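Okay, so here's the structure we're looking at.
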Amino acid sequence: MLAWYDVHARDLPWRAPPGAPFADPYRVWLSEIMLQQTNVATVRPKFEHFTARWPDFASLAAADEAELMTAWAGLGYYARARNLVACARTVVERHGGAFPGNEDELRALPGIGAYTAAAIASIAFGERAVVVDGNVERVVSRLFAIDEPLPGARAAIRAATDSITPETRAGDFAQAMMDLGSSICTPRNPKCLVCPLSDRCAAFAHGQPDAYPVKPARTARPERFGTIFWAERDGKVLLVRRPPRGLLGGMRALPTGPWSESPPGLADPPLTAGWRMLDTSVVHVFTHFRLQLSLAVARVREHSNAGEWWPVGDIESAGLPTVFAKAAAEVRRAT
DNA sequence: AAAGCGTGGAG
DNA sequence: TCTCCAAGCTT
């Protein structure tokens, strides 16, 4: 794997520059957080923006949280952004502005779990750590033909990964496994004919590489309904800040009523006005439910401090999560 | 410990 | 259009 990696490693902005033994821990950490459940192509421009704006722990720890949440908008899983600031502040306040170099102390920091701690310890600090992400899970379950379904198979997968992790260059080994998983040992139609591991792969020998890992059946995604309230006054629209935890927590948003099993109509508007329902709607799919949003609009005269009034023509810069950006675009299209 | 938590792209 | 998926963590 290391020989393969030396030839085929992807060129990514958070990896060590040529000649350097290890990458910058700050950049490794930031990239790892952004990459959680998120594609490289999506992360790349966000990573460039973040590192230009906040190049190190000190600047991120001092960051204005509202600006940081705005910068994260569109990436999803917003708890990552909240934990990013919390982690930077902990590093500055309790670790003298630099990461601890070992897995256990990394694991204790906000937003850093088993995978990310192992990745940082090995990639940025040269420690031997057993790094298991979704790619490694797939590669290893095929290599050893582990046929127990997930998530029960995780212990066996971790043990198998441990057995093949080298004492030195564990970080390069992990990145090699992840590159292999993303380019060759893919979920569907794996390219076994060009895989450096095929001659040792049990699943390939059995002729069924894409049968691994075995996954549990998916449950249906429920449907919910809601209403977006678009209050406009002097070319500005009313925006609110969502509560700090939970779905889209801490993000700037359009006001909504309850999200329920059936369309809630004009329940719970942000202010009293002559609300009018548009005859279009917006559908947005979250991880665990599908949301159909009705759109209510009103012209407002009097001032209200129910939130902040944002220039409609500049709505793209408000840092709205995608569901609200879609709703805003639909309101502007339909009115 | 199962459920909650986003989004965009590929097939 | 629909399903699956992407460098998981927290409670």
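In this text the structure is predicted, and so the values were computed from the model without any measurement. Chain letters run A, B, ... following the sequence lines, proteins first, then strands; residues in each count from 1.
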Sugar-phosphate only, base, or nothing, as touched by A/A114 at under 4.0 Å among non-hydrogen atoms: sugar-phosphate
Would A/F47 and A/F50 count as a close aromatic pair, with their ring centres under 6.0 Å? no
When you check the gap from the basic side-chain N to the acidic O, do A/D234 and A/R299 get nearer than 4.0 Å? no
Using the P atom as the point on both nucleotides, what is the distance between C/dC9 and B/dG8, in whole Å? 22 Å
Atom pair distance, as rounded to whole Å: CG in A/L109 and C1' in C/dT10: 15 Å
For atom CZ of A/R218 and atom P of B/dA3, their distance in whole Å: 14 Å
Please name the pair of heavy atoms, one in A/L266 and one in A/M277, separated by the smallest distance, quoted to 0.1 Å. CD2-CE, 4.0 Å
Take atom CD of A/Q37 and atom P of C/dC5, then tell me their distance rounded to the nearest Å. 12 Å
Looking only at B/dG6, C/dA6, C/dG8, the nucleotide nearest the A/Y115 side chain is C/dG8
C/dC9, B/dT7, C/dA6: which one has an atom nearest the side-chain heavy atoms of A/L248? B/dT7
Does A/R242 count as lying over the ring of A/W259, i.e. NZ or CZ under 6.0 Å from the six-ring centre, within 45 degrees of the axis? yes
Does A/G74 reach a base, just sugar-phosphate, or nothing at all? Heavy atoms under 4.0 Å. sugar-phosphate
Name the nucleic acid region contacted by A/V43, choosing base, sugar-phosphate or nothing; use a 4.0 angstrom heavy-atom cut-off, strictly under. nothing
So, OP1 or OP2 of B/dG6: does either fall under 4.0 Å of a side-chain N or O from A/H284? no
Euclidean distance, atom CG of residue A/L150 to atom P of B/dA1 [Å, nearest integer]: 17 Å
Name the nucleic acid region contacted by A/R242, choosing base, sugar-phosphate or nothing; use a 4.0 angstrom heavy-atom cut-off, strictly under. nothing
Identify whether the distance between the nearest side-chain nitrogen and carboxylate oxygen of A/R27 and A/D56 falls below 4.0 Å. no
Atom pair distance, as rounded to whole Å: CG in A/L75 and C1' in C/dA6: 12 Å
Taking the C1' atom of each, how far is C/dA6 from B/dC5, in whole Å? 15 Å
Below 3.5 Å, does any donor atom in the side chain of A/T322 face an acceptor in the base of B/dG8, or the other way round? no
Integer-rounded Å distance: B/dG6 P and A/L247 CG: 5 Å
A/R15 bridged to A/D24 by N-O distance under 4.0 Å: no
Within the structure, does a side-chain N or O atom of A/T116 lie under 4.0 Å from either OP1 or OP2 of C/dC9? yes
Assert: residue with more 5' nearest nucleotide on DNA chain C, out of A/R245 and A/G134, is A/G134
Of the candidates B/dA10, B/dT7, C/dT10, the side chain of A/R107 sits closest to C/dT10
Please report, rounded to the nearest Å, how far the C1' atom of B/dA10 is from the CG atom of A/D210. 16 Å
According to a strict under-4.0 Å criterion, is A/H288 in side-chain N/O contact with OP1 or OP2 of B/dC5? yes
Please confirm whether the shortest side-chain N or O distance from A/Y77 to OP1 or OP2 of C/dT10 is below 4.0 Å. no
Could a donor-acceptor pair under 3.5 angstrom be found where the side chain of A/T287 meets the base of B/dG4? no
Under 4.0 Å from OP1 or OP2 of C/dT10: is there any side-chain N or O of A/R82 that close? no
Between P on B/dG8 and CZ on A/F286, what's the gap in Å once rounded to a whole number? 11 Å
Which residue lies toward the 5' end of DNA chain B, A/R221 or A/N189, if each is placed at its nearest nucleotide? A/R221
5′-ward residue of the pair A/S31/A/R290 relative to DNA chain C: A/R290
